[in-house]
Amino acid sequence: MLLPFWQNRFYNILHFIKPALLICLISLLSEVHCQTLKLKPNETVLGVFESLDNLLLMHKSRFAKITSLLKEKTKDLTQDQSIKEVIIDPYFMRSILLYSDQRYLDLIEHDECQFYSLLDSNLLKAAGGPITKVIVAFMNADSNEQVAIVSKQDFLKFIYTRKCFKNREISLLFNLKNIKETIEAIDFVIPEDTLSCKKIFNRWRNNPYLTGLCKIPETIRFGKTALKKILKLESTRSKLYRYLDLQVRNKTEMEKLIPPSVKAYLGNLCNNIDNEKKFCEKYLIDDIWKKVIDSNYPKYLMKFKCRDLLKKNHSKKLTQKDLRRCRSIFMNKPNICKTIGAKDRLALFPRPDCNEISEALINAQLVTDYHDCPGSIDNEGITNSHRVIMHLKPRATDNTPKGCATEVNFTFATLNINFKNNKAWPLKICYYHQANDETLCFPYIPGHNPKSKLSETWVVANIVKKLKAAPDSLKCHFMRDSEYNPQRLNHKHGCFITFNKFDCTNIHCPKKIYYNQLQIKALKYSGIPTSTYFHHTIKAQRNSTANIMSKTYNFSNKIVRNLPAILRFLDQDKKHVIHGMGCAEDIYPQYFKKTLINDCTSLPFIIDGHMKKDGNTYLITRTALDDIHSPRFIDWHLIFAAVSAHTVIQPLKTWTLYGIKK
């Protein structure tokens, strides 16, 4: 009989299908289809060497005609008890073979149930796109062959009552109600080497949950495509709109339920389920993330980005599982490094992608066991000097977005105050002392730093104690205007320093000071830091930031003028770094445009490594505008042009590129 023949024939040969055999099978199916549907198409059967494009066009046209003819033959399989056996019509099967991704067809092999599972998970397609209706062939009560259209769900319900019973259970595990719990119970193992990757890949290929798992990235992809189509629709009342809207809602819900690391893992798995090599490449390349996890490189190279990605509190330690999750996302979604953490830590945007950062960090030498925020600092030289000092003498810092700017200012202020360079750090809080008839001023560092008595909160508290006879235990609290509410019990008493975040930079930030709900207007802020990173005049040489750092931390500034000198200096010692000053318009021409011939925005930077790519030598560079954990590859010619242009605008014509040598 015809139907059992097709059922057996299909499942016996499907796993052998290759391009040439597929054409032969399609030709065979065309002839049978003409018998089954009683059509007399004008088209001739295509030969093996006909254009595949023409084949697809002809098939799509014929598919539309067949679907139109069968609209009146819609069938409800659950209501007709006389139907004992139903199979997918051969022509419809031909359509599935033509339009479905080969990587999913390869999964079918000898397993009929795997085919139904793929259909159930929306991983198969026909000429009309995603399959919602199925053309089936069956025997009626008179043993006559018939063809009809049924809904996919009715067809699968009919099949699952007779065979492939586990498919129904698996399908339920992956519906939106249960999928979160299902995912949490699955261990998404990251391969450590080639052998383990091969075993993991083969286990996934034979995993009964595979089709349900691959439904996740497909649902998200369908939803993204549907969203683009919805925006082009003129009416929201059409049947097409309702269908597309459902796809978008499913995608939105799926993204809420599935963790980013799992989405990244499944994206790689399902896109490469037919290619073990490509699947493993993601995990076996020489990346910094794996080196950190294996304890071959310091954890700080990864932990700050990982915390931002997972939105973990800075007081909590990252586990090995956390790091592996982050690595999976970094490897599968490299563009995520361009944006993570950017909201709270303003820096040059977009940042490099994860792959470029990984390559740079493997070859970098700068110690970065902290996280600063260059966009919150008014002077780029302050940021750069903080980074140099933290490389030479690391210390524990407050790495939260609120505390990072205070830490940078603390480093710079302490450097200059200890060197008695008051001009570089003139920030003071003053008040008029009536008893002595004089104005008293005290140096301060903006923000709150519990480790320093120069902290703004300490200085203000000491002044309030003198003005208002406040208790010795008084502490002042730093907060935004919008957070301060005197109606709250814990705000009724005590000292509060408030500011408007929309009228603030790190140095210039008008404050209001309250003590026991009364505003104190007697305190006045004064001073703006002025400093020169490298000296431009003989007079400024002693108090330049580079000279003060050199004297304080006992290192020499060794001038480097060319690429061989730079490479030689960096390779001499893993602790060697180079700091310099150049024109931002030459370092980053894509961000800063010249409007005049000698336009030059001074920008300090640090070079702490090099790498050869595509025959060119690139320097691993972090300017004072860049995120400290997002180094960039800058061509030597751009660095040379930037320093040369900066030399031109200086009175002394000083070459501003120096190696820091102990």
Side-chain angles (χ1 to χ4, degrees), residues 103-104 107-108 111 113-124 153 156-157 160 164-193 195-223 249-274 276 279-280 282-283 289-290 293 306-307 309-313 316-333 336:
R103 67 180 188 273
Y104 292 133
L107 293 173
I108 298 170
D111 190 350
C113 292
Q114 184 74 297
F115 171 80
Y116 294 126
S117 184
L118 288 166
L119 183 64
D120 198 357
S121 298
N122 299 321
L123 300 179
L124 299 178
Q153 294 307 317
L156 291 171
K157 186 177 180 181
Y160 291 164
C164 304
F165 308 112
K166 287 185 178 179
N167 279 23
R168 175 179 291 188
E169 297 173 12
I170 293 172
S171 179
L172 290 174
L173 288 174
F174 285 92
N175 63 28
L176 288 175
K177 183 179 178 181
N178 301 319
I179 194 167
K180 185 177 181 181
E181 188 176 342
T182 303
I183 290 296
E184 288 173 351
I186 297 174
D187 187 11
F188 295 92
V189 183
I190 303 294
E192 296 293 332
D193 50 46
L195 184 60
S196 68
C197 189
K198 185 174 183 178
K199 290 179 180 178
I200 290 168
F201 182 78
N202 289 331
R203 280 202 297 267
W204 280 123
R205 288 271 303 184
N206 297 308
N207 192 313
Y209 288 178
L210 180 61
T211 53
L213 290 169
C214 287
K215 181 181 179 180
I216 294 169
E218 288 296 322
T219 299
I220 293 172
R221 190 175 63 80
F222 284 163
R249 283 188 278 117
N250 286 342
K251 169 242 176 195
T252 303
E253 191 66 25
M254 191 72 81
E255 288 184 320
K256 289 180 183 177
L257 296 171
I258 308 301
S261 58
V262 174
K263 284 189 288 185
Y265 190 100
L266 292 178
N268 182 41
L269 173 65
C270 299
N271 286 334
N272 300 304
I273 197 59
D274 60 337
E276 177 190 312
F279 169 77
C280 292
K282 290 280 186 181
Y283 305 108
W289 324 119
K290 186 175 187 302
I293 293 169
C306 191
R307 273 206 188 102
L309 178 65
L310 302 180
K311 298 180 180 178
K312 280 214 166 192
N313 190 293
K316 293 184 178 179
K317 287 187 176 181
L318 291 171
T319 64
Q320 286 294 97
K321 186 176 180 180
D322 290 331
L323 294 176
R324 286 194 291 270
R325 282 181 61 198
C326 288
R327 179 182 181 242
S328 177
I329 298 172
F330 293 157
M331 299 297 291
N332 288 292
K333 292 189 173 182
I336 201 165

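The chain is numbered in sequence order, starting from 1.
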Hey, are the side chains of [X] and [Y] touching, using non-hydrogen atoms and a 4.5 Å cut-off?
{"X": "Val262", "Y": "Ile186", "answer": "no"}
{"X": "Leu123", "Y": "Leu107", "answer": "no"}
{"X": "Phe188", "Y": "Ser261", "answer": "no"}
{"X": "Leu176", "Y": "Glu253", "answer": "yes"}

Closest approach of [X] and [Y], non-hydrogen atoms and distance?
{"X": "Tyr116", "Y": "Tyr160", "result": "O-OH, 3.6 Å"}
{"X": "Leu309", "Y": "Ile329", "result": "CD2-CD1, 3.7 Å"}
{"X": "Ile170", "Y": "Pro208", "result": "CD1-O, 3.6 Å"}
{"X": "Cys306", "Y": "Asp322", "result": "SG-O, 3.6 Å"}
{"X": "Arg327", "Y": "Pro191", "result": "NH1-O, 4.0 Å"}
{"X": "Trp204", "Y": "Leu210", "result": "O-CD2, 3.4 Å"}

query = What is the ring orientation for Trp289 with Phe330, classed by angle as parallel under 30°, tilted 30 to 60°, or perpendicular over 60°?
reply = tilted
task = Please work out whether the ring planes of Tyr209 and Phe174 are parallel, tilted or perpendicular, with thresholds of 30° and 60°.
result = perpendicular
inquiry  = With side-chain contact (heavy atoms from CB on, under 4.5 Å) as the criterion, how do Ile190 and Ile293 come out once you've worked through the C-alpha distance, each side chain's angles and the decisive distance to 0.1 Å?
reply    = CA-CA 12 Å; Ile190 303 294; Ile293 293 169; over 6 Å; no
How long is the straight-line distance from [atom2] of [Y] back to [atom1] of [X], given to the nearest 0.5 Å?
{"X": "Leu195", "Y": "Lys198", "atom1": "CG", "atom2": "NZ", "value": "8.0 Å"}
{"X": "Ile108", "Y": "Leu124", "atom1": "CD1", "atom2": "CG", "value": "6.0 Å"}
{"X": "Leu118", "Y": "Cys214", "atom1": "CG", "atom2": "SG", "value": "8.5 Å"}
{"X": "Ile220", "Y": "Lys263", "atom1": "CD1", "atom2": "NZ", "value": "5.0 Å"}
{"X": "Ile258", "Y": "Glu184", "atom1": "CD1", "atom2": "CD", "value": "9.0 Å"}
{"X": "Tyr265", "Y": "Ile216", "atom1": "OH", "atom2": "CD1", "value": "13.0 Å"}

message = Would you say NZ of Lys312 has more than 12 non-hydrogen atoms from neighbouring residues, nucleotides or ligands within 6.0 angstrom?
response =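 Yes - once you tally the heavy atoms of other residues, nucleotides and ligands closer than 6.0 Å, there are more than 12.
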inquiry  = A quick test of your reading: do over 12 heavy atoms of other residues, nucleotides or ligands sit less than 6.0 Å from CD of Gln320?
reply    = yes
Is [X] reaching over with its side chain to a backbone N or O of [Y], donor-acceptor style, under 3.5 angstrom?
{"X": "Ser121", "Y": "Ser117", "value": "yes"}
{"X": "Arg205", "Y": "Ile273", "value": "yes"}
{"X": "Arg168", "Y": "Leu156", "value": "no"}
{"X": "Asn178", "Y": "Asn175", "value": "no"}
{"X": "Arg103", "Y": "Cys270", "value": "yes"}
{"X": "Asn271", "Y": "Gly267", "value": "yes"}
{"X": "Arg307", "Y": "Lys316", "value": "yes"}
{"X": "Asn167", "Y": "Cys113", "value": "yes"}

query = Got a salt bridge between Glu192 and Lys290, using NZ or NE/NH1/NH2 to carboxylate O under 4.0 Å?
reply =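 Lys290 and Glu192: salt-bridged.
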task = Determine, for Glu218 against Arg221, whether the closest basic-nitrogen to carboxylate-oxygen distance falls under 4.0 angstrom.
result = yes
Donor-acceptor side-chain pairing of [X] and [Y] below 3.5 angstrom:
{"X": "Asp274", "Y": "Tyr104", "result": "no"}
{"X": "Asn250", "Y": "Thr219", "result": "no"}
{"X": "Asp193", "Y": "Ser196", "result": "yes"}
{"X": "Asn272", "Y": "Asn268", "result": "yes"}

request  = Please report the C-alpha distance between Leu266 and Asn332 in whole Å, then the side-chain angles of each, then the deciding distance to 0.1 Å, and finally whether the side-chain contact (heavy atoms from CB on, under 4.5 Å) criterion is met.
outcome  = CA-CA 9 Å; Leu266 292 178; Asn332 288 292; over 6 Å; no
inquiry  = Applying side-chain contact (heavy atoms from CB on, under 4.5 Å) to Thr319 and Arg324, what does each step give before you reach the verdict?
reply    = CA-CA 9 Å; Thr319 64; Arg324 286 194 291 270; over 6 Å; no
